[in-house]
Amino acid sequence: MSGFSAAASAAAAERCALAIRARPAASSPATRQQASLRRSAGPRRSSTLAASRRGPVAPRAVATPADRASPDLVGKFTLDSNSQLQVAVNPASQGSVTEIDLVVTNTTGSLILHWGALCRDRRDWLLPSRRPDGTAVYKNRALRTPFLKSGDNSTLRIEIDDPAVQAIEFLIFDETQNKWFKNNGQNFQIQLQSSRHHGSGASGASSSATSVLVPEDLVQIQAYLRWERKGKQSYTPEQEKEEYEAARAELIEELNRGVSLEKLRAKLTKAPEAPESVESDSPASQITVDKIPEDLVQVQAYIRWEKAGKPNYPPEKQLVEFEEARKELQAEVDKGMSIDQLRKKILKGNIESKVSMQLKNKKYFSVERIQRKKRDIMQILSKHKHTVIEEQVEVAPKQLTVLDLFTKTLQKDECEVLSKKLFKFGGKQILAISTKVLNKSKVYLATNHMEPLILHWSLAKKAGEWKAPPSNILPSGSKLLDIACETEFTKSELDGLHYQPSCHLKALNFQVVEIELDDGGYKGMPFVLRSGETWIKNNGSDFYLDFSTRDTRNIKAIDTGDAGKGTAKALLERIADLEEDAQRSLMHRFNIAADLVDQARDAGLLGIVGIFVWIRFMATRQLTWNKNYNVKPREISKAQDRFTDDLENMYKAYPQYREILRMIMAAVGRGGEGDVGQRIRDEILVIQRNNDCKGGMMEEWHQKLHNNTSPDDVVICQALIEYIKSDFDISVYWDTLNKSGITKERLLSYDRAIHSEPNFRSEQKEGLLHDLGNYMRSLKAVHSGADLESAIATCMGYKSEGEGFMVGVQINPVKGLPSGFPELLEFVLDHVEDKSTEPLLEGLLEARVELRPLLLDSPERMKDLIFLDIALDSTFRTAIERSYEELNNAAPEKIMYFISLVLENLALSIDDNEDILYCLKGWNQALEMAKQKDDQWALFAKAFLDRIRLALASKGEQYHNMMQPSAEYLGSLLSVDQWAVNIFTEEIIRGGSAATLSALLNRFDPVLRNVAHLGSWQVISPVEVSGYVVVVDELLAVQNKSYDKPTILVAKSVKGEEEIPDGVIGVITPDMPDVLSHVSVRARNSKVLFATCFDHSTLSELEGYHQKLLSFKPTSSDITYREITESELQQSSSPNAEAGHAVPSISLVNKKFLGKYAISAEEFSEEMVGAKSRNIAYLKGKVPSWVGVPTSVAIPFGTFEKVLSDGLNKEVAQNIEKLKNRLAQEDFSALGEIRKAVLNLAAPTQLVNELKEKMLGSGMPWPGDEGDQRWEQAWMAIKKVWASKWNERAYFSTRKVKLDHDYLSMAVLVQEIVNADYAFVIHTTNPSSGDSFEIYAEVVKGLGETLVGAYPGRAMSFICKKDDLDSPKLLGYPSKPIGLFIRRSIIFRSDSNGEDLEGYAGAGLYDSVPMDEEDEVVLDYTTDPLIVDHGFRNSILSSIARAGHAIEELYGSPQDVEGVVKDGKIYVVQTRSQM
């Protein structure tokens, strides 16, 4: 509560010993003064949820003893269950000393009296000068006097000689237990003889002399109520003080009007009023009132707090919660429950020790946090990459069955297969297919069962319906019944790709029924089979062909031969062959899986994936779990144990497979030998016996458990628990089942079906909840791979709780766990349901990090530790999803911290986490920048947010490529529902940490863009256009397409190297290609709108305009758009309305070989080389001395054609000529074959000699000097440059502008590679704004290929005014995850005559190839001085800008410059006119 939290929390620790009093002048209520807020010396209730433990007390007493010699017992107060405070007062006669004797019985520790005296017209405590020995002054506000130990009791005498003292007020502190004792939440107060103040004539208690006390807890509640009434305003500390005093004044007014304190408390807390005491001359100690023990109030308050999710309450709300807890307990007592019964009811488990621990640690029911160890995050680095290798084992083609061949016959006459299902029965198969041919629908049923067979069938318009078919569609000889029809199968045989009736048995014989349907709107066809008197069903249910499920995948795969590509095909087919046996029971399935582990391992990653896909289909109930087979739970558990033991061994030996192996283990569950599985069978009997529920649903479930337990039983148990908790609401039972995919039909499908609903009595509630809760642990211990409680119990050792549960289960703690690890896991369990998830998330991560070294080693019981890590990971993901609401209004720093936690959890869950760890380091640095209010924090964070997104996209793509082919092929073999196959990989991704991380990033992205002033758009090519919106998945997929009307593409993926298709006038994408990437340059040169949209809602809205007309109007940083009409499009004067149709008037000049295979830079001319080579030669000696230009030689135009015509390469030339003829016939597959053919060229000796001479003469190293292999590497690189003339992008680009491809000549520029620290591209006129006074540049770490090629992520970008080159302005930090680095080497650059034509941007179409492979390095920007050192960055960027400006000055026109930085020096490797 913002209104009071600041003042309330300022001295939270001290408040255990504070009280606030306000008393008006007794003589005149009208003249009382409003007290000011202060903290006095008397202890009062803590500002947190719990106060200290205390016991029931007698009402406060005022005694007036007449005899000095006989002290009066004025009060008895219960402190705890066996200790009592007794107070006696020996009143003083006129002018003498009053003696107060305090005795605390049955004490074990050291007690302190924390006390002071009360006087009229004084609000704070008076500290009497007459004090017992050992008394200390506490903060000049209270006295502290130790009790004296006397046997089992502790005693103390206080003497008061000041006649102004009316009473003493005190608390008792037990130093041993760190516990305060109070009087029912208030200070103890003992009134002294009133005659001391009013003379000897006074007798009895004088009400006029009694101080008016306002208990501070009531003041706080009243202040809270005032704050609520005023709309929960935010107060300043001064206003808070005023509000407290106003609340106090209101309560004093009530008391002065005669309202009793009990009535006032009842009014404020809505608690039952205490009966008013009857005035009596007898001591108050003789009046007994049944009060709720304060320790029980504390426990109840703790229980309420836990149920609420352990929220952070403000102090005032904490006090209200305490009173609510007291009221709940009082209500139980009022119903007749005794205090002992109440105590027994609420003190269950370790609840009392939890409360005691909170008090001992002075946490007072606040959410504690673990202290995470400081460690280098790179300690959890893992670099085991997933490498998919196609299956190398020679596998004989699968012999097609007669039903496979029958399927192929249906493909004649353009038959469209609508749906298909293969069923198995008794070793035979029946294939059901629905088709459409020439608008006629047909159903075929074919079987290899050759005995006489009857099809008993009907049609259905809804699920579960049997409806007799119309008589006009019945096959010949059919018999129509009430709701069905019977048709006899006809024997047939295959003849090529046709089938026909057969009268004799042959190898390719089968039986078939063919039914032609009318247009009756049928949804499916239920059927059963009859052979003689035997009915044949589908695992006890009807067969059913669903007409609405379209599935042509299987048939197409069989026809094309592509089935199983990208999978461990032989393994998957073996799985399919064994599936019928696996369906008998989970025991059979797990034993078969264990038998297949070796074959899967030998097949590599795809083999492991194949096992995972199969197990995942099982876990998601796509495969049958049990079919007429009675198996004991211990047998299932033993089979699980065997399978998971094999997985554990593979986990140890093959770290590159651990990520997938964890997924398999999570889907399988833990298992275990002997009693670990058998207890499922035994403990259900305990539940039935203990709770008298031996019939109905519980007995049916008992029979099911005895016959064949499965993971469904976990859900059934949870449904029963939720049903009982809801006070037996049966809808809750069904909702819980249905949410996990268990329907009535599924319950009925078990071999031991569950027909009944649960029906319990109210008196069974507590017992059932207790026993089912224990039973859930048993079920999860066997079936769940991700259950936290059972995973921790397995590693820490089970605790026996409840007779009949866990009996005989001997599971000992895992040895060698890190110090403090058990306490860490206990912390996690204690907070697993907290509403505020941050402490839990920290605990879960700390546990995973502590566990990781063991998982990388080979400890005993590795499997148990793996399951524990799986459970910690699963719990973390669940907690993050629960935290979304908490983050709705959170500050940016908190959201960033949660993203950091999720990143760390993801890094702990994947085999190759290097990129994620560098993202985490950068994100943590951004978080620190945000905390320090660095003005660049949002821009810095945005770069790392983009990089994280790239990492997640890459992970998703990796999963899809790795898993989806196996899911599709195995799904087709096992007839898995097509929808389950289609979403297989998607569901795996959605269930992992990557999905939760993506959701958090989507929440935070708009915040960053707003703070960094980035907007929702980055406009790369600002062109105003109007056209038809077309949504595509990838620009690459349509780059060769021609659109016949002005089209604006909304492309979900743009890599950076694509061409802009003909007819396209605009491209909108969520991807972030570099502003200087190929496609960006293409867009600007072609006057095509090109922009990145960062806002997902805007992008979704644009996708909704598919095939509609829109007009886009961009600025340099934003885009507006609107829907327009056809007439508006026609009236548009924009030249882009006809974009893509106008062909520029350009042509290529055919270049000839001029007799030289190699030339030096001095020989470069227009006839010999392209502009790239000529420009670099021109720069030599003309640029400033601080700009380096690499030495160059070239292989001139015509050399390729000369080499091709050499007799050495006659066969290659003939092959290329044939391929070019195919290309001329628009067989574009020839392009790739031509490129391969070029690589077979042999080098003429003269070429080798001349190139060696020119390179050595120019001071360049000759590769051949390092051996023949090095020359072969160089020669292969040269051929790859020549071959790039036929890459698809370049070929279609020249074709689009009608350039003669044969006239395109390729020179090769040869340069020594500068092993760069950074590479850059400069445009000396800002391409986004067109500002000629502003330079725009992009910089990457390593070689420039990541900048000009299609490497994901953004480069660092900046602008610089030409009149202020010392002040570059950073636009964006880099997000590219990969940098390229290389040894000292040579690069061969393409330099064609088609790259710099006027009006045609050919640059970047052809390849530049280094002699050596570049090393891909995952980049850590947090150690890069260009990122973290502002001075270094400013110097480098300024130098780059200066180099670009100097080159522009040299040429006198805008330039496109490429270069590198090495050891701070600038090198320019090429320049061309900026297009």
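This structure is a prediction, so every number in the text was calculated from the model and none was measured.
Side-chain atoms of Gln640 never come within 3.5 Å of backbone atoms of Phe590 as a donor-acceptor pair (strictly under, hydrogens ignored). Side chain of Asn448 to backbone of Gln429: a donor-acceptor contact under 3.5 angstrom is found. In this structure a side-chain-to-backbone donor-acceptor pair under 3.5 Å is present from Glu648 to Met862. Under the 3.5 Å distance criterion, the side-chain polar atoms of Arg616 are left unmatched by any main-chain donor or acceptor of Ala967. Between the side chain of Glu700 and the backbone N or O of Ser756, at least one donor-acceptor pair lies under 3.5 Å. Side chain of Asn691 to backbone of Leu768: a donor-acceptor contact under 3.5 angstrom is found. Judged purely by atom type and a 3.5 angstrom limit, Ser874 has no side-chain atom pairing as donor or acceptor with the backbone of Ile870.
By the 4.5 Å heavy-atom criterion applied to side chains, Gln718 and Met776 are counted as neighbours. Ser975 places a side-chain heavy atom less than 4.5 Å from the side chain of Leu422. Residues Met697 and Ile716 form a side-chain contact, since some pair of their non-hydrogen atoms from C-beta on lies under 4.5 Å apart. Thr794 has its side chain out of reach of Leu868: every pair of non-hydrogen atoms, C-beta onward, lies at least 4.5 Å apart. Here the side chains of Glu987 and Thr620 are not in contact, with every heavy-atom distance at 4.5 Å or above. At least one side-chain heavy atom of Ile430 sits less than 4.5 Å from a side-chain heavy atom of Phe527. Put simply, the side chain of Pro758 does not reach to within 4.5 Å of the side chain of Trp701, judged on heavy atoms. Side chains of Phe425 and Asn538 form no contact here, defined as non-hydrogen atoms less than 4.5 Å apart.
Rounding to the nearest 0.5 angstrom, the gap separating the CG atom in Leu455 from the CG atom in Leu529 is 6.5 Å. Ile724 CD1 to Ser726 OG: the interatomic distance, rounded to the nearest 0.5 Å, is 9.0 Å. Summarising the geometry, atom CG belonging to Leu788 is positioned 8.0 Å from atom CG belonging to Leu825; distances are rounded to the nearest 0.5 Å. Distance check, rounded to the nearest 0.5 Å: CG of Asp869 to CG of Leu844 gives 10.5 Å. Going from atom CD1 of Ile866 over to atom CE of Met665 covers 4.0 Å, rounded to the nearest 0.5 Å. Ile536 contributes atom CD1, which lies 7.0 Å from atom CZ of Phe543 (distance to the nearest 0.5 angstrom).
No more than 12 heavy atoms of other residues, nucleotides or ligands shown are found within 6.0 angstrom of CD on Glu860. Remark: Arg990 CZ is loosely packed, at most 12 non-hydrogen atoms of other residues, nucleotides or ligands lying under 6.0 Å away.
With sequence neighbours excluded, the residues that form a side-chain contact (heavy atoms from CB on, under 4.5 Å) with Asp712 are Arg621, Trp625, Ser710, Ile742, Arg746, Tyr750. For the ring-ring contact (aromatic ring centres under 6.0 Å, His included) test, residues two or more places apart in sequence or in another chain that qualify with His456 are Trp466, Trp535. Every residue meeting the side chain to side chain donor-acceptor pair (under 3.5 Å) condition with Gln341, not counting sequence neighbours, appears here in chain and number order: Ser338. Every side-chain contact (heavy atoms from CB on, under 4.5 Å) that Ala594 has, sequence neighbours left out, goes to Arg642, Phe643, Asp646. Here Glu635 pairs with Met587, Val631, Lys632 under the side-chain contact (heavy atoms from CB on, under 4.5 Å) rule; sequence neighbours left out.
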Check: Which is it for Tyr522 and Lys461 under the side chain to side chain contact (heavy atoms under 4.5 Å, CB included) test, yes or no, and what are the steps along the way?
Finding: CA-CA 5 Å; Tyr522 305 113; Lys461 292 187 177 181; 4.0 Å; yes
Margin query: What verdict does the side chain to side chain contact (heavy atoms under 4.5 Å, CB included) test give for Tyr775 and Leu705, after you've listed the backbone C-alpha separation in whole Å, the side-chain angles of each residue and the deciding distance to 0.1 Å?
Written below: CA-CA 12 Å; Tyr775 193 50; Leu705 289 161; 3.3 Å; yes
Note to self: Applying side chain to side chain contact (heavy atoms under 4.5 Å, CB included) to Leu596 and Ile611, what does each step give before you reach the verdict?
What the structure shows: CA-CA 8 Å; Leu596 292 172; Ile611 292 288; 4.0 Å; yes
Next item on the list: List the steps, then state whether side chain to side chain contact (heavy atoms under 4.5 Å, CB included) holds for Leu545 with Leu445.
Entry: CA-CA 10 Å; Leu545 176 62; Leu445 293 104; over 6 Å; no
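Summarising the geometry of Gly610 relative to Leu970, their closest heavy-atom pair is O-CD2, 4.3 Å, with the distance given to 0.1 Å. Pairing each heavy atom of Ala879 with each of Leu840, the nearest pair is CB-CD2, 3.9 Å. The two residues Gly524 and Tyr544 have their closest heavy-atom pair at CA-OH, 3.3 Å. In plain terms, the two heavy atoms of Tyr723 and Asn759 that are nearest each other are OH-CA, 3.7 Å. When all heavy atoms of Glu789 and Leu829 are compared, the pair lying nearest together is CA-CD2, 4.3 Å. The shortest non-hydrogen separation linking Thr743 to Asn738 is CA-OD1, 3.9 Å.
Exactly one residue among Phe612, Phe867, Tyr651 makes a side-chain contact (heavy atoms from CB on, under 4.5 Å) with Arg662. That residue is Tyr651. Remark: of the listed residues Gln688, Lys694, Lys704, Gln688 is the sole one forming a side chain to side chain donor-acceptor pair (under 3.5 Å) with Glu699. Among the candidates Val976, Ile983, Val981, the single residue satisfying the side-chain contact (heavy atoms from CB on, under 4.5 Å) test with Trp979 is Ile983.
Counting only residues at least two apart or on different chains, the salt bridge (Lys or Arg N to Asp or Glu O under 4.0 Å) pairs with a member in residues 716-745 are Asp727-Lys765.
Between Asp873 and Arg877, at least one side-chain nitrogen of the basic residue sits less than 4.0 Å from a carboxylate oxygen of the acidic one, meeting the salt-bridge criterion. Classification of Arg530 and Glu486 as a salt-bridged pair holds, one side-chain N sitting under 4.0 Å from a carboxylate O. Taking the charged nitrogens against the carboxylate oxygens, Lys421 and Asp546 have no contact shorter than 4.0 Å, which rules out a salt bridge.
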